[in-house]
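Notes follow once the structure below has been shown.
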Number of protein chains: 2
Amino acid sequence: MRADAARNRELILDAARNIFAARGLDAPLEEIASEAGVGIATLYRRFATREDLLAAVATRQIELFERALAKGLSDPDPWEGFSGFIRAIAEIQARLPGLAQMLMIPCHGPEDERAAAIFQGYLELVARAKKAGALRDDYVPEDLPMLLMANAGLLRETSRTAPKAWKRLVEYLLQAFRCREQQPLPSPPTPTQIRKIMSQPTD
Amino acid sequence: MRADAARNRELILDAARNIFAARGLDAPLEEIASEAGVGIATLYRRFATREDLLAAVATRQIELFERALAKGLSDPDPWEGFSGFIRAIAEIQARLPGLAQMLMIPCHGPEDERAAAIFQGYLELVARAKKAGALRDDYVPEDLPMLLMANAGLLRETSRTAPKAWKRLVEYLLQAFRCREQQPLPSPPTPTQIRKIMSQPTD
DNA sequence: CGATAAGTGGACGGGAGCCTCCACTTACTG
DNA sequence: CAGTAAGTGGAGGCTCCCGTCCACTTATCG
């Protein structure tokens with residue numbers, strides 16, 4: 001790839017992050033191109049479909065997830081590590097409201113190596129917190145995507161008007177995840193179902 | 001209004017419920033018109049804007065809410081009454097996935113008399129459950145719209161593939177609402193904020 | 001520096017959906 | 001049973017966005 005093309009690719013990804021975050025995932029690609037200062041054809045040449053572009057943007061945000069995970073894993077208290085990680089992920093969602101949906105992509109399964117590593121690390125956090133008796137043992141890893149989908153729905157409505165509302169939801173859920181006298185829970189969706197959901201078009 | 005016009009109005013509302021539920025709130029109005037067997041002009045004459053149509057459909061579904069409320073209020077156990085109501089509302093959402101967002105409309109404040117009555121009844125359920133020491137006392141009425149927005153987000157992603165996933169979310173939240181050794185919660189959005197959110201275009 | 005192929009911008013055709021307009025139809029009234 | 005105004009359908013103009021095409025530009029390499 002030619003040097004100028006590579007530069008443009010970066011410009012497009014920056015613009016896409018901003019526009020998607022501000023306008024939602026169905027923002028016109030033309031707007032992204034013009035924000036990036038390139039023609040629409042350039043964008044299409046790099047990213048044949050909207051999904052390709054979304055995937056590239058998501059991949060780029062993965063660094064934020066890595067930082068959150070590292071922080072969680074380094075916390076000596078298993079519950080603090082786990083809950084801190086959840087809070088951090090939810091906050092990333094909240095910071096980029098339009099991207100909220102999309103940010104679930106890297107966090108449930110092995111798309112690429114880095115995503116897989118994050119997922120592994122997350123499983124480790126879960127295991128530790130359960131072992132310490134802090135996390136209820138009917139918690140399943142799929143409960144995180146569940147939380148993220150729910151949070152995305154809340155953010156969708158509240159991000160403009162009550163930008164902190166998500167915190168309350170997350171705290172409620174964290175308290176529910178905490179080990180106590182538990183009521184039985186309905187069984188969660190299977191990992192296969194989750195995968196299917198994630199792979200379906202983001203409409 | 002002429003008799004035939006009234007009939008058509010009903011046909012349109014039926015069609016709108018079906019199409020919105022199946023295709024989402026941004027389904028083409030033309031499709032609704034054709035499902036109803038009327039011309040597009042007829043639809044526009046009755047409902048000048050998409051919002052008018054949505055509001056009319058929502059108003060019609062209000063009966064479901066009334067039934068759920070009556071059941072909750074007649075339950076001798078305050079916690080069962082409250083939690084049963086929440087579950088019922090969430091289930092209505094789940095049954096009409098596309099409408100999920102919209103169904104929050106009648107349930108937060110006095111748009112009309114019936115909606116106001118439901119809201120009052122809900123407050124009563126909350127008061128009873130708190131008094132019985134079953135519902136945590138930092139629960140606020142705005143936590144229901146919060147739950148519904150979150151649930152809408154989850155349904156959006158899962159309704160096709162894991163149509164029961166919402167149950168798990170609701171149970172987690174109900175368990176969190178339950179009175180226990182509580183952690184402090186972030187403060188909820190104010191009723192004013194909620195109202196503002198509800199009145200903004202449903203995009 | 002000149003050849004060349006990768007890269008680029010913006011015009012353009014096409015499709016989808018919104019909403020209006022208007023000539024035609026039909027329920028109601030006296 | 002006629003007059004009338006409310007009601008109706010669907011064509012058509014409009015806007016927005018998609019994705020392609022092609023003549024022009026420019027980085028790179030020998």
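Atom CZ in B/F47 sits roughly 17 Å away from atom C1' in C/dC18 (whole-Å rounding). Distance CG (A/L29) to P (D/dC18): 5 Å, rounded to an integer number of Å. When rounded to the nearest whole Å, the span between CZ of B/R7 and P of C/dA27 equals 8 Å. Nucleotide C/dC18 holds its P atom 10 Å from the CG atom of B/L43, rounded to whole Å. Rounded to a whole Å, the CE atom of A/M1 is 15 Å from the C1' atom of C/dT8. C/dA6 atom P lies 13 Å from atom CG of A/D4, rounded to whole Å. One atom, CG of B/L53, and another, P of C/dC18, lie 11 Å apart when rounded to the nearest Å. In this structure, B/I40 places its CD1 atom 16 Å from P of D/dG12, rounding to the nearest Å.
In terms of position on DNA chain C, the residue among A/E30 and B/T49 whose nearest nucleotide sits closer to the 5' end is A/E30. Projected onto DNA chain D by closest heavy-atom contact, B/R2 and B/G37 fall at different nucleotides, the more 5' of which corresponds to B/R2. Between A/P28 and A/A41, the residue whose closest nucleotide on DNA chain D is further toward the 5' end is A/P28. Checking B/R50 against A/G39, the closest nucleotide of DNA chain C that is more toward the 5' end is the one next to A/G39.
Between A/T42 and C/dG9, a side-chain N or O to OP1/OP2 separation shorter than 4.0 Å is present. For D/dT8, neither phosphate oxygen OP1 nor OP2 lies less than 4.0 angstrom from any side-chain nitrogen or oxygen of B/R45. Contact check, B/N8 against D/dT8: a side-chain N or O comes under 4.0 Å of OP1 or OP2. A sub-4.0 Å separation between OP1 or OP2 of C/dG7 and a side-chain N or O of A/R46 is present.
Note that CG of A/L11 and CZ of A/R46 are 12.0 Å apart. Values are rounded to the nearest 0.5 Å. The distance from atom CG of B/L173 to atom CG of B/D143, rounded to the nearest 0.5 Å, is 9.0 Å.
Comparing C/dG9, C/dC21, C/dA27 by their closest approach to the side chain of A/V38 singles out C/dG9. Which of D/dG10, C/dA27, C/dC18 sits closest to the side chain of B/Y44 comes down to C/dC18.
Between the base of D/dC16 and the side chain of A/E31 there is no donor-acceptor pair shorter than 3.5 Å.
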Salt bridge (Lys or Arg N to Asp or Glu O under 4.0 Å) evaluation trace for B/E171 with B/R87: CA-CA 8 Å; B/E171 289 310 312; B/R87 284 193 192 93; 2.6 Å; yes
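Each of A/Q175, A/R178, A/R136 was scored for a side chain to side chain donor-acceptor pair (under 3.5 Å) with B/Q175, with one residue passing: A/R136.
Between A/F82 and A/Y122, the ring planes lie parallel to each other; the angle is under 30°, not in the 30° to 60° tilted range.
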